[in-house]
Amino acid sequence: MRMIMFFLVGLLVHVIFFISIFDIYFTSPLVHGMAPQVSPLPPPASRLLLVVADGLRADSLYKPDANGSTRAPYLRSVMEETGSWGVSHTRVPTESRPGHVALIAGFYEDVSAVAKGWKENPVEFDSVFNESRHTWCWGSPDILPMFAKGASGDHVYTYTYPAEREDFASTDASRLDTWVFDEVKSFLQSARENSSLMSSLQKDQNVFFLHLLGIDTNGHAHRPMSQEYLENIRLVDSGVKELVSMVEDIFDNDGRTAYVFTSDHGMTNWGSHGAGHPSETLTPLLVWGAGVHTAQRVTEPQKYSDGYLQEWQLEGLRRVDVNQADIAPLMSSLIGVPIPLNSVGVLPLQYLNNSDQFKAESMYSNAIQILEQFKVKMAQKKETTLSFLFTPYQLLTESRQAEFINKARVLIQLEEYEDAISLCRSLMDHALEGLSYYHTYDRFFLGCSVVLGFTGWTSYVVLVILKTHASLRRPPTPTDQVSGKTLWWIGVGATLLIGMFLIIQRSPVTYYIYCLLPVPVWYSVLKEFGTLTDLVRSYSLLPLGKCFGYFALVTFGIELLVSSHHTVIISLMAPIQYNLHFYLEKVELCLSPQVVSFFHRAMLTVGLAVLSLWPLLSGLYSKAKFRSVSWVLCCLFLATFPMMPVVGREPNIHMVTCAGVLSLLISTFYLWSARKRTTLHLTDRYLLIFQMLHVAVCAYVPTSTHSSLQLKQGLPLLNQIISWTTLGSSLFVPLLSSTRLFHRLLSIFLSLTATYLLLSTGSEALFPPVLSWLMFVWINIEQEAMLSQGISGRQELSTFDFSENIDITKIRQLKLDDIRRSYFFVFFIITAFFGTGNIASINSFDPASVYCFLTVFNPFIMGGLMMWKVIIPFIIVMCTFETIQVSTQLSSRSLFLIVLVISDLMALVRNETAISNMVASGKK
């Protein structure tokens with residue numbers, strides 16, 4: 001009963017630390033209660049046409065083809081004659097939803113918001129659509145609803161095609177864009193016959209939004225360099241040309257229409273997006289029409305040193321780059337609507353062709369709009385902080401705010417517009433820095449509280465291990481009882497003081513949990529102080545050399561997994577978190593090792609190379625040469641996978657077939673070698689043969705599916721049935737197999753491998769067979785390690801039966817070598833997760849892995865399948881570790897506690913590094 005309570009408390013502690021991630025790093029940046037800001041001068045445009053070509057890379061549009069001709073002649077002519085152009089720089093995660101929020105609402109959506117919904121607004125925010133008089137939208141059902149549902153009033157109208165049309169196996173995904181153009185044309189044609197609709201169109205501050213998903217769909221299905229992707233660009237170009245002509249005609253060429261053409265994100269060469277590669281973050285931006293500068297020729301070299309101007313043959317045209325959020329205030333100023341209240345975009349004046357007064361007034365409105373957010377954020381933080389503890393942002397105190405505002409207003413009145421614009425830019429820079437300052441105001445305080453609690457928990461687990469599993473038990477003494485009462489009163493006093501402090505500051509409920517949790521945790525640690533003193537007294541009985549060796553092993557291992565990433569983790573967590581796998585990682589192995597292995601997979605190669613030397617360093621080589629050589633070879637083979645390209649970059653279906661053949665050879669070799677040691681019942685033999693035939697079928701299905709998709713014949717129904725049946729059966733078929741140790745493990749391996757093959761696109765399919773062979777060797781070599789340690793009662797592995805009850809009299813206490821076993825398990829778990837870079841197929845969305853199951857876009861089903869693919873190697877390692885636990889006669893509770901300590905230490909190293917970065921950034 002006490003152990004159940006211990007596990008429940010441990011689960012609660014880790015859930016609290018998991019939730020703390022959101023309060024420390026991912027709280028919403030949005031504030032409410034600001035007044036709308038708009039320029040008092042009349043705008044240059046009455047209406048705006050926004051076209052977003054989903055998944056369009058900047059170079060795909062701008063770069064001429066091999067013949068030197070452009071793929072988009074109309075848009076190229078706009079750049080060269082009637083409009084301004086540049087590159088819009090997106091932010092991670094480079095996905096459709098956050099990209100559109102940045103474009104239309106002007107801010108970078110807080111990553112935790114995605115957990116509350118995909119299509120609708122998880123949080124209330126303002127947008128250009130909301131501020132407009134009317135907005136008509138055409139496009140994907142995955143994007144449009146969130147702006148319609150979030151708008152105040154009933155003035156945002158959406159027209160979407162059925163979700164089933166978003167099929168990656170479609171014969172021609174460009175039909176999605178054709179549908180949008182046809183619907184817009186039909187809408188404009190109907191306005192000629194509908195006086196009420198025409199009256200609405202003739203009003204000012206209207207927006208027309210076209211979301212074109214065909215390019216993105218073709219990019220995923222055929223890659224950005226494919227003919228389908230490039231032809232889709234030509235289709236979009238001709239569609240935009242025809243649409244502009246029709247718009248100008250319906251409004252009698254009044255010159256009051258502004259046009260914006262851009263993209264929400266780019267795409268890698270292998271057809272994915274989500275991360276921060278330049279091909280994903282660099283998107284085109286073309287603006288023309290009312291109030292926009294026409295093409296400006298330049299003769300001097302421009303400030304950009306990325307080499308794209310020469311590559312795109314655009315050296316003679318002025319290029320104006322922007323951040324993606326800057327497009328929202330640009331659109332607002334063109335049609336004269338208030339800038340979205342939560343926008344952090346800065347108006348790019350180089351695009352505007354208007355008077356200096358209009359530019360100055362627009363910049364002033366932009367600056368006040370950002371300053372309003374700063375003032376609300378400052379007021380909120382000031383209200384919940386004791387006055388003597390509150391540290392204001394020094395560059396923008398209340399007096400400095402008034403000084404900036406008054407001076408800018410005076411400069412505008414004196415018609416010194418350039419100086420006024422410069423001052424407004426400075427004010428916006430300070431306000432944005434101040435917003436970040438107050439947004440992260442409590443981060444250091446919360447981080448310290450969490451680390452203090454986590455350190456206490458880890459220390460308590462260590463003491464539990466020493467007390468209950470290391471022969472350090474002793475009866476309580478009267479002195480312990482007295483000190484226990486003293487500790488109890490100290491804990492009560494600390495709880496009251498912390499609680500009163502938080503009440504006075506009116507802190508959120510979660511702050512009470514983070515700040516009060518260390519009190520009972522450290523009370524429990526100090527209460528067990530006698531265990532630590534017993535350990536000190538018994539140091540003379542310990543093998544100090546071996547203790548030092550294992551301490552060095554764990555220290556080196558943790559440093560190996562956590563080093564070399566001190567500055568990039570927090571900024572790069574967004575895509576990981578945004579696609580849900582980040583949340584799952586914290587629960588099992590906390591944060592550090594997974595994130596580091598994701599960005600520095602080569603560290604796994606180094607670790608595996610070091611682990612391969614274990615039999616040589618431990619002396620096992622002389623006692624079990626064949627198994628030791630097998631261990632070395634398997635480690636080295638597995639070490640090659642982290643050096644390979646990330647999954648999806650170089651698909652090779654033939655490798656999937658080879659992986660299936662290798663799995664069958666491994667299974668056949670084992671059954672042949674074990675035929676004399678153990679006998680199988682006829683039903684068990686037939687089950688294994690059936691599973692092997694099933695693996696052979698699953699090795700063929702990806703090839704068949706790939707061929708069908710290449711011929712644009714869609715996903716074969718039979719392949720889809722086989723895939724889903726395989727996925728469902730993989731969970732229970734192993735339960736029908738023999739309960740003998742290796743036969744059950746073989747059944748699990750075959751069942752999981754069949755599913756993994758269906759989810760593979762290339763060399764990663766070889767990973768489970770190699771990993772499984774290493775796990776098989778690990779099980780056997782651990783038996784040799786037990787023999788070398790003189791542990792009695794060792795049972796032959798071939799005779800192990802999971803159906804038999806464990807003899808608790810043979811359960812032994814912990815030894816130092818168990819620390820090594822636990823560390824191996826943690827390392828193999830991390831290798832299983834990140835050895836092939838599978839997690840990147842979730843972070844950088846690439847649906848190719850799930851084409852055997854479905855091709856119609858469904859982010860949650862596709863994400864779930866990709867997550868299952870990541871988890872399969874993890875299950876193989878878990879089953880192996882359970883086998884080692886049973887075969888080494890150690891309770892699972894003991895090994896679990898050691899693994900927990902190692903994992904928590906990794907999390908502590910990561911958290912302490914993050915706090916150090918906070919301190920360093922605060923000193924700057």
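With rounding to the nearest 0.5 angstrom, the CG atom of Leu759 is 4.5 Å from the CZ atom of Phe853. Distance CE/Met331 to CG/Leu49: 11.0 Å, rounded to 0.5 Å. Distance check, rounded to the nearest 0.5 Å: CZ of Arg57 to CD of Glu280 gives 9.0 Å. Interatomic distance, OG of Ser332 versus CD1 of Ile339, reported as 6.0 Å (0.5 Å rounding). Atom OG1 of Thr262 is separated from atom NE2 of His100 by 9.0 Å, given to the nearest 0.5 angstrom. Summarising the geometry, atom OG belonging to Ser333 is positioned 10.5 Å from atom CE belonging to Met363; distances are rounded to the nearest 0.5 Å.
Nearest approach of Ile233 to Ala72, heavy atoms of both residues: CG2-CB, 4.4 Å. Contact between Asp54 and Ser96 at its shortest, heavy atoms only, is OD2-OG, 3.0 Å. Nearest approach of Ala191 to Ile250, heavy atoms of both residues: CB-CD1, 4.2 Å. Residue Ala290 comes nearest to Leu334 through the heavy atom pair O-CD2, 3.7 Å, listed as atom of the first residue, atom of the second, then distance. Closest heavy-atom contact between Ala275 and Thr281: O-CG2, 4.2 Å. In plain terms, the two heavy atoms of Met146 and Arg97 that are nearest each other are SD-NH1, 3.4 Å.
When side chains are defined from C-beta on, Asp237 counts as touching Pro73, because their heavy atoms get closer than 4.5 Å. Proximity of Leu286 to Leu61: side-chain heavy atoms (C-beta onward) are separated by under 4.5 Å at one or more points. Asp254 places a side-chain heavy atom less than 4.5 Å from the side chain of Arg47. Within the 4.5 Å cutoff, side-chain heavy atoms of Leu347 are placed close to those of Leu330. Looking only at side-chain heavy atoms (C-beta outward), Tyr161 and Val180 come within less than 4.5 Å of each other. Using a 4.5 Å cut-off on side-chain heavy atoms (C-beta onward), Pro43 and Ile335 make no contact. The shortest side-chain heavy-atom distance between Arg318 and Gln350 falls under the 4.5 Å cut-off. The shortest side-chain heavy-atom distance between Pro278 and Tyr308 falls under the 4.5 Å cut-off.
In this pair, Tyr851 and Phe168 present their aromatic rings tilted. The plane angle is within the 30 to 60° band. Classified by interplanar angle (parallel below 30°, tilted 30° to 60°, perpendicular above 60°), the ring pair Trp138/Tyr159 is parallel. Aromatic ring orientation, His220 versus His273: tilted (interplanar angle from 30° to 60°). Between Tyr157 and His134, the angle of the ring planes stays under 30°, which puts this pair in the parallel group of the 30/60° scheme.
Remark: Thr178 pairs with no residue by the side chain to side chain donor-acceptor pair (under 3.5 Å) rule, at least two apart or across chains. Annotation: side-chain contact (heavy atoms from CB on, under 4.5 Å) contacts of Asn194 (sequence neighbours excluded): Ser196, Leu197. Checked against side chain to side chain donor-acceptor pair (under 3.5 Å), His706 has no partners two or more places apart in sequence or in another chain. Remark: Ser708 engages Gln713, Pro716 in a side-chain contact (heavy atoms from CB on, under 4.5 Å) (not counting sequence neighbours). Residues passing the side-chain contact (heavy atoms from CB on, under 4.5 Å) test with Thr160, sequence neighbours excluded: Pro141, Leu144. Taking Asn67 as the reference, nothing meets the side chain to side chain donor-acceptor pair (under 3.5 Å) condition, with sequence neighbours excluded. Applying the side-chain contact (heavy atoms from CB on, under 4.5 Å) test to Glu242 and every residue at least two apart in sequence or in another chain returns Lys185. Contacts of Thr705 classified as side chain to side chain donor-acceptor pair (under 3.5 Å), with partners at least two apart in sequence or in another chain: Asn719.
In summary, the side chains of Thr703 and Thr657 do present a donor paired with an acceptor at a separation below 3.5 Å, with no hydrogens or angles considered. Checking Ser174 against Glu231 by side-chain atom types alone, no donor-acceptor pair falls below 3.5 Å.
A ring pair (Phe, Tyr, Trp, His ring centres under 6.0 Å) check over residues 223-261, counting only residues at least two apart or in different chains, returns the pairs Tyr259-Trp288. The stretch residues 201-210 participates, sequence neighbours left out, in these salt bridge (Lys or Arg N to Asp or Glu O under 4.0 Å) pairs: Arg133-Asp204. For residues 44-72, every residue pair satisfying the ring pair (Phe, Tyr, Trp, His ring centres under 6.0 Å) rule, not counting sequence neighbours, is listed here: Tyr62-Trp85, Tyr62-Trp312.
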Item to complete: Before giving the answer on side chain to side chain contact (heavy atoms under 4.5 Å, CB included), spell out for Val52 and Val260 the whole-Å C-alpha distance, their side-chain angles and the decisive distance to 0.1 Å.
Response: CA-CA 8 Å; Val52 177; Val260 176; over 6 Å; no
Practice prompt. Please report the C-alpha distance between Leu317 and Arg297 in whole Å, then the side-chain angles of each, then the deciding distance to 0.1 Å, and finally whether the side chain to side chain contact (heavy atoms under 4.5 Å, CB included) criterion is met.
Written response: CA-CA 5 Å; Leu317 293 174; Arg297 305 286 173 177; 3.4 Å; yes
Worksheet item: Could you go step by step and tell me if Asp167 and Arg175 meet the salt bridge (charged side-chain N to carboxylate O under 4.0 Å, His left out) rule?
Response: CA-CA 11 Å; Asp167 190 347; Arg175 291 186 300 181; over 6 Å; no
Practice prompt. Could you walk me through whether Leu210 and Val240 pass the side chain to side chain contact (heavy atoms under 4.5 Å, CB included) test, one step at a time?
Written response: CA-CA 10 Å; Leu210 282 68; Val240 170; over 6 Å; no
Discussion item. For a side chain to side chain contact (heavy atoms under 4.5 Å, CB included) check, start with the C-alpha distance between Leu352 and Phe358, then their side-chain angles and the critical distance, and finish with the verdict.
Written reply: CA-CA 9 Å; Leu352 295 180; Phe358 179 85; 4.2 Å; yes
Worksheet item: Are Asn232 and Arg71 close enough, and set up right, to give a side chain to side chain donor-acceptor pair (under 3.5 Å), and what steps lead you there?
Response: CA-CA 10 Å; Asn232 205 150; Arg71 304 182 183 95; over 6 Å; no
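Here the options are Phe147, Phe187, Phe129, the test is ring pair (Phe, Tyr, Trp, His ring centres under 6.0 Å), and the partner is Trp136; only Phe187 passes.
Side chain of Ser343 to backbone of Pro340: no donor-acceptor contact under 3.5 angstrom is found.
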Please output the side-chain donor-acceptor pairs of residues 319-328 that fall under 3.5 Å, not counting sequence neighbours, one pair per line with the distance.
| residue | atom | partner | partner atom | Å |
| --- | --- | --- | --- | --- |
| Arg319 | NE | Asp321 | OD1 | 2.9 |
| Arg319 | NE | Asp321 | OD2 | 3.4 |
| Arg319 | NH1 | Asp306 | OD1 | 3.2 |
| Arg319 | NH1 | Asp306 | OD2 | 3.3 |
| Arg319 | NH2 | Asp306 | OD2 | 2.8 |
| Arg319 | NH2 | Asp321 | OD2 | 2.8 |
| Asp321 | OD1 | Val87 | N | 3.0 |
| Asp321 | OD2 | His89 | NE2 | 3.0 |
| Gln324 | NE2 | Asp264 | O | 2.9 |
| Asp326 | OD1 | Val346 | N | 2.7 |
| Asp326 | OD2 | Asn323 | N | 3.0 |

